[in-house]
Undergrad: 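Supplied in structure tokens, the structure appears directly below.
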Amino acid sequence: MVDVFLICVIVIGFFLLSVIGLYLVVKYQHPDDKNDAYIPKLVVLLGFVLAGGTVFLLPLDVANNSNFAGCEGFNTAVCGGLNMVLFWDIIYWLIPAWVFILIPFCIFYYEADDGMLMAGTRIGAKPKSKLKEALCYETFVVVIFGLVFALTYLFLNSTSIPVRDWTGPDFAAGPIYSITEEYNSTFSASQLANMQAGDVAILNANTVNPEMSTIELSINAATFYAGLMAWMGWFLFACFGGIGMAALPLDLILAFVNRPHHMDAVEFAEAQRSLRDRVNELVNVGELLKIEQEENAQKYDKMGWREKRKAMAEEKKTWIKFKQAVYLMEEDAEEFANCTENYRNYNPLIPIFSLLGGIVALIISLCWVLQIILYMLPNPPVTPFLNQYFRWFETWFNLFGVLSVAIFTFYLLICAVKGCFKFGLRFLFFQVHPMKLNKTYMSSFLFNIGLVLLCALPVVQFSASAFQAYARYTTVNQTFNVQLYYLKFFGWFWRSKVFEYALLAILLLTCIYLGCKPRDSSGGKDSISLRDRLRERVSG
């Protein structure tokens with residue numbers, strides 16, 4: 001029988017995720033997208049619900065206890081009755097559909113260059129041409145990843161699960177007990193007699209084969225693609241999650257340390273002059289970039305393939321550097337406004353909440369580091385640590401343990417997004433996509449939702465492994481820690497703890513780096529050097 005409380009939790013959770021997702025889209029969207037891009041907005045909203053649902057499905061699985069032996073009928077008091085296999089299979093299919101079909105198509109359509117004067121405008125755009133271009137790119141993506149998915153499933157879908165053989169006498173040779181039927185014709189575990197000497201004798205007669213054997217199984221497509229998506233996402237989560245676990249607490253605490261202070265006349269004049277100079281430099285850089293882009297458009301036709309590719313990569317890197325400098329300048333301008341004309345209207349509770357959030361984030365990050373070092377990496381584990389803390393709640397209020405799992409798991413997703421933004425801001429490998437109130441274009445929404453969905457399954461797998469003792473009766477534990485754990489090729493990465501070591505190493509390196517350089521560069525000198533390099537290239 002299905003637990004009504006869990007049904008209510010699912011309905012309320014879906015409603016809350018939908019409301020939060022809608023709020024984020026409405027409040028953070030750029031004014032240019034206010035009455036436009038409805039399909040990408042729907043994809044972002046449902047993608048947010050899907051990502052949140054993937055993470056919160058783990059604590060729901062814990063509360064459901066579907067793999068507890070008593071759920072077969074003799075002790076269903078702790079069983080939720082939900083078909084978690086169906087829930088997880090739906091998630092396993094929806095995430096690839098969002099990551100490789102819906103989000104790429106929306107990005108291609110939203111950013112299709114149709115001869116428009118400026119990115120983000122819709123003047124002169126031809127919807128049919130944009131749709132055709134987006135479909136062409138999307139077809140390429142589907143074909144490439146479709147081949148990858150098909151070939152990997154064809155050759156790597158087998159798992160070798162180790163088993164140990166036990167041989168014993170027939171249970172019919174053991175003692176026989178009679179059970180008195182209750183008045184309502186139901187069976188409960190309390191009717192079972194305690195183990196006696198006859199039972200002990202039967203168990204002692206068992207013989208155990210000291211050598212481990214294996215069972216070769218083929219796993220279904222949904223489970224295999226969950227493992228493949230988790231393996232792919234681990235490369236992103238190990239990098240960005242490690243960076244975010246160090247950067248998130250630091251940035252929240254620095255938001256309190258560097259909170260707005262009232263400026264005197266001298267400080268005001270110096271800050272205003274510095275901002276004005278940086279704005280002028282960035283305007284010059286923008287003009288030079290426009291000139292260089294026009295000149296390169298004429299040169300590309302005369303270049304070879306390799307030379308053209310190199311020139312385009314250099315141009316893209318320059319644009320990324322320019323956008324980073326603009327973003328940092330806007331951040332400093334906002335801080336300047338909070339210290340001057342907006343000082344009286346600035347909410348003094350914001351830095352206090354940032355400090356409290358930073359302290360909580362620091363505690364959670366430290367707990368995760370200790371859980372990795374004490375439980376996940378050693379064999380056998382030194383201590384259950386967080387598992388013991390979660391199971392302690394089972395003695396008096398089980399819901400708190402489930403909520404704790406949800407908090408620790410969702411925190412990892414937030415760290416992944418934070419780490420991606422921090423990495424993109426410090427280095428020039430890709431364009432940053434910050435989430436700014438009333439300043440976020442739909443392309444940034446789509447990028448961040450795609451990143452969150454790619455990291456969702458690695459986060460679930462990581463949490464299921466970290467909390468294996470607490471989540472021992474979950475369906476996801478059976479999937480990730482048994483079937484996929486011994487999967488051909490991919491299983492080696494998880495059995496060798498490759499990603500856990502990488503995550504921990506990146507986290508420690510980030511702590512050292514941020515300890516030496518805690519604040520993001522203001523970008524003033526970078527703007528000048530970028531301007532000088534562009535002038536040399538244009539004049540040359």
Undergrad: Minimum heavy-atom separation for Ala361 and Tyr411, please, with both atom names.
TA: O-OH, 3.0 Å
Undergrad: Decide if the gap between the ring center of Trp234 and the ring center of Phe462 is smaller than 6.0 angstrom.
TA: yes
Undergrad: Taking the side chain as every heavy atom from C-beta outward, state whether Val208 and Arg164 have any atom pair closer than 4.5 Å.
TA: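 Yes, at least one pair of side-chain atoms sits under 4.5 Å.
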Undergrad: Quick check, are the ring centers of Phe235 and Phe499 under 6.0 angstrom apart?
TA: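 Ring centres of Phe499 and Phe235 closer than 6.0 Å.
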Undergrad: For a side-chain hydrogen bond (donor to acceptor under 3.5 Å, both in side chains) with Gln29, tell me which candidate from Lys41, Lys34, Lys439 qualifies.
TA: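 Going through Lys41, Lys34, Lys439 one by one, the side-chain hydrogen bond (donor to acceptor under 3.5 Å, both in side chains) with Gln29 is satisfied by Lys41 alone.
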Undergrad: Is the Tyr225 to Phe149 ring centre distance short of 6.0 Å?
TA: yes
Undergrad: Work out which heavy atom in Leu484 is nearest to a heavy atom in Ala226; give both atom names and the distance.
TA: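 The pair with the smallest heavy-atom distance is CD1-C, 4.4 Å.
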Undergrad: Relative to each other, are the rings of Phe489 and Phe493 parallel, tilted or perpendicular (30° and 60° limits)?
TA: perpendicular
Undergrad: Cation over ring, Lys497 on Tyr501, under 6.0 Å and within 45°?
TA: no
Undergrad: Under 6.0 Å between ring centres: does that hold for Phe467 and Trp368?
TA: yes
Undergrad: Do Phe423 and Ile506 touch side chain to side chain, with heavy atoms closer than 4.5 Å?
TA: no
Undergrad: Report the C-alpha distance between Asp32 and Tyr441 in whole Å, list the side-chain angles of each, state the deciding distance to 0.1 Å, and finish with yes or no for side chain to side chain donor-acceptor pair (under 3.5 Å).
TA: CA-CA 8 Å; Asp32 291 348; Tyr441 280 106; 3.1 Å; yes
Undergrad: Heavy atoms only: give me the nearest Gly52-Leu17 pair and the separation to one decimal.
TA: C-CD1, 3.8 Å
Undergrad: Does Ser218 offer a backbone N or O that forms a donor-acceptor pair with the side chain of Asn157 under 3.5 Å?
TA: no
Undergrad: For a side-chain contact (heavy atoms from CB on, under 4.5 Å) check, start with the C-alpha distance between Ile364 and Ile407, then their side-chain angles and the critical distance, and finish with the verdict.
TA: CA-CA 9 Å; Ile364 297 178; Ile407 292 171; 4.2 Å; yes
Undergrad: Going from CG on Leu487 to CD1 on Ile219, what distance comes out if it is rounded to the nearest 0.5 angstrom?
TA: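 If I round to the nearest 0.5 Å, the distance is 4.5 Å.
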Undergrad: Nearest 0.5 Å, please: how far is CG in Leu82 from CG in Asp3?
TA: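 Asp3 CG to Leu82 CG: 7.5 Å, rounded to 0.5 Å.
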Undergrad: Are Ser160 and Glu216 close enough, and set up right, to give a side chain to side chain donor-acceptor pair (under 3.5 Å), and what steps lead you there?
TA: CA-CA 5 Å; Ser160 300; Glu216 192 86 11; 2.6 Å; yes
Undergrad: Supply the atom-to-atom distance Ile449 CD1 to Phe48 CZ, rounded to the nearest 0.5 angstrom.
TA: 7.0 Å
Undergrad: Tell me, do Thr159 and Ile215 make a side-chain contact under 4.5 Å, heavy atoms counted?
TA: no
Undergrad: Between the main-chain N or O of Ala466 and the side-chain N or O of Asn387, is there a donor-acceptor pair closer than 3.5 Å?
TA: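 A pair under 3.5 Å: yes.
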Undergrad: Aromatic ring centroids of Tyr485 and Trp494 under 6.0 Å?
TA: no
Undergrad: Using the rule given for side-chain contact (heavy atoms from CB on, under 4.5 Å), can you reason through Gln478 versus Tyr473, listing the C-alpha separation, both sets of side-chain angles and the distance that settles it, and then say yes or no?
TA: CA-CA 8 Å; Gln478 181 72 19; Tyr473 298 134; over 6 Å; no
Undergrad: Closest approach of Pro104 and Glu138, non-hydrogen atoms and distance?
TA: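 Closest approach of Pro104 to Glu138, heavy atoms only: CB-OE1, 3.2 Å.
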Undergrad: Would you say Ser365's side chain and Met245's backbone share a donor-acceptor pair under 3.5 angstrom?
TA: yes
Undergrad: Check for me whether the distance between the ring centres of Phe224 and Tyr153 falls short of 6.0 Å.
TA: yes
Undergrad: Of the non-hydrogen atoms in Phe237 and Ala416, which two are nearest, and what is the gap between them?
TA: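 Looking at all heavy atoms of both residues, the closest pair is CD1-CB, 4.3 Å.
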Undergrad: What's the verdict on side chain to side chain donor-acceptor pair (under 3.5 Å) for Thr223 and Thr479, showing C-alpha distance, side-chain angles and the deciding distance?
TA: CA-CA 7 Å; Thr223 303; Thr479 300; 5.3 Å; no
